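For reference, the structure is listed below as structure tokens.
For the numbers below, each heavy atom of this structure counts, side chains included, while hydrogens, waters and symmetry mates do not. Per chain, numbering begins at 1; letters A, B, ... match sequence-line order. Just so we're clear, the structure is a prediction, and the values are computed from it rather than from any experiment.
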Amino acid sequence: DAKTTQPPSMDCAEGRAANLPCNHSTISGNEYVYWYRQIHSQGPQYIIHGLKNNETNEMASLIITEDRKSSTLILPHATLRDTAVYYCTGRGNTGKLIFGQGTTLQVKP
Amino acid sequence: GAVVSQHPSRVICKSGTSVKIECRSLDFQATTMFWYRQFPKQSLMLMATSNEGSKATYEQGVEKDKFLINHASLTLSTLTVTSAHPEDSSFYICSARSPSGTGGSYNSPLHFGNGTRLTVT
């Protein structure tokens with residue numbers, strides 16, 4: 001299972017795009033990258049996942065580098081409700097999700 | 001879709017008693033569920049993998065006799081914290097894999113319950 005590295009914290013102005021990076025240089029070839037977020041005292045919320053192609057859904061976009069060693073989660077127009085801890089994680093053959101320390105995103109008015 | 005429900009959301013118990021936490025997949029069947037624990041200001045730590053109809057698989061360092069897991073049906077897994085002590089006070093969260101998604105069922109995302117805050121006095 002891939003080890004992930006994320007900056008501990010980031011700030012973003014409300015209405016601007018939030019770009020959250022994640023390094024997963026040890027990810028294996030068939031291991032998907034997943035992004036979750038956790039708002040205080042709640043369970044993690046699934047955001048998006050991908051293997052090697054960029055993905056977009058109603059919540060966010062996921063950009064994965066060609067070598068798959070890193071990815072960026074993009075929240076196109078951050079709102080105050082997007083303030084949360086964001087986790088990127090890989091899930092290999094074990095099927096488990098192993099969480100790192102995540103990035104605390106603070107969206108400011 | 002893909003809703004995971006946990007009950008109770010909060011529980012306070014006395015030291016030495018046992019507490020059962022339920023995790024249900026409401027609109028899908030889950031052969032595998034995962035149990036996590038989270039201490040304040042820390043990340044989620046995987047405790048065990050719950051498999052329907054068979055024994056749970058515990059992560060290294062997690063006491064299987066203390067944290068009893070039962071996965072008797074495709075929609076229900078339970079975690080029982082036996083003889084709870086104050087150091088067991090934590091946020092317990094379960095998750096289950098939704099049946100479909102990008103990449104097929106194996107890589108479909110896990111969906112999480114809203115957690116159970118356990119306080120042992």
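Note: the hydrophobic cluster containing B:M47 does not contain B:V4 (ILVMFWY, side chain heavy atoms under 4.5 Å, direct or indirect links). In the hydrophobic clustering of ILVMFWY residues, with side-chain heavy atoms under 4.5 Å counting as a link, A:I64 and A:L75 come out together. Residues B:Y58 and B:W35 share a single hydrophobic cluster, defined by chaining ILVMFWY side chains whose heavy atoms lie under 4.5 Å apart. A single hydrophobic cluster is not seen to contain both B:F34 and B:L79; linkage of ILVMFWY side chains at heavy-atom distances under 4.5 Å, directly or through other members, places them apart.
Using a 4.5 Å cut-off between heavy atoms, B:I93 contacts chain A through its side chain alone, with no backbone atom that close. For A:T104, no part lies near chain B; criterion is any non-hydrogen pair under 4.5 Å. Residue B:Q42 touches chain A through its backbone alone, counting heavy-atom pairs closer than 4.5 Å.
Heavy-atom minimum distance, B:S43 versus A:F99: OG-CB, 3.4 Å. Among all heavy-atom pairs drawn from B:F91 and A:Q38, the shortest one is CE2-NE2, 4.1 Å.
Counting only heavy atoms from C-beta outward, the side chains of B:P109 and A:Y32 never approach each other to under 4.5 Å.
In this structure, B:H85 places its NE2 atom where more than 12 heavy-atom neighbours from other residues, nucleotides or ligands lie under 6.0 Å away. The local environment of CD1 in B:I12 is sparse, with at most 12 non-hydrogen atoms from other residues, nucleotides or ligands closer than 6.0 Å. Under a cut-off of 6.0 angstrom, the local environment of NZ in A:K69 is sparse, with at most 12 non-hydrogen atoms contributed by other residues, nucleotides or ligands.
Looking at B:T57, B:T49, B:L110 one by one, the single match for side-chain contact (heavy atoms from CB on, under 4.5 Å) with A:K96 turns out to be B:T49.
In this structure, the separation between CD on A:Q45 and NE2 on B:H111 is 10.0 Å, given to the nearest 0.5 Å. The line from CG of A:L97 to CG of B:L46 is 9.0 Å long, rounded to the nearest 0.5 Å. Put simply, OH on A:Y46 and OG on B:S108 are 9.0 Å apart, with the number rounded to the nearest 0.5 Å.
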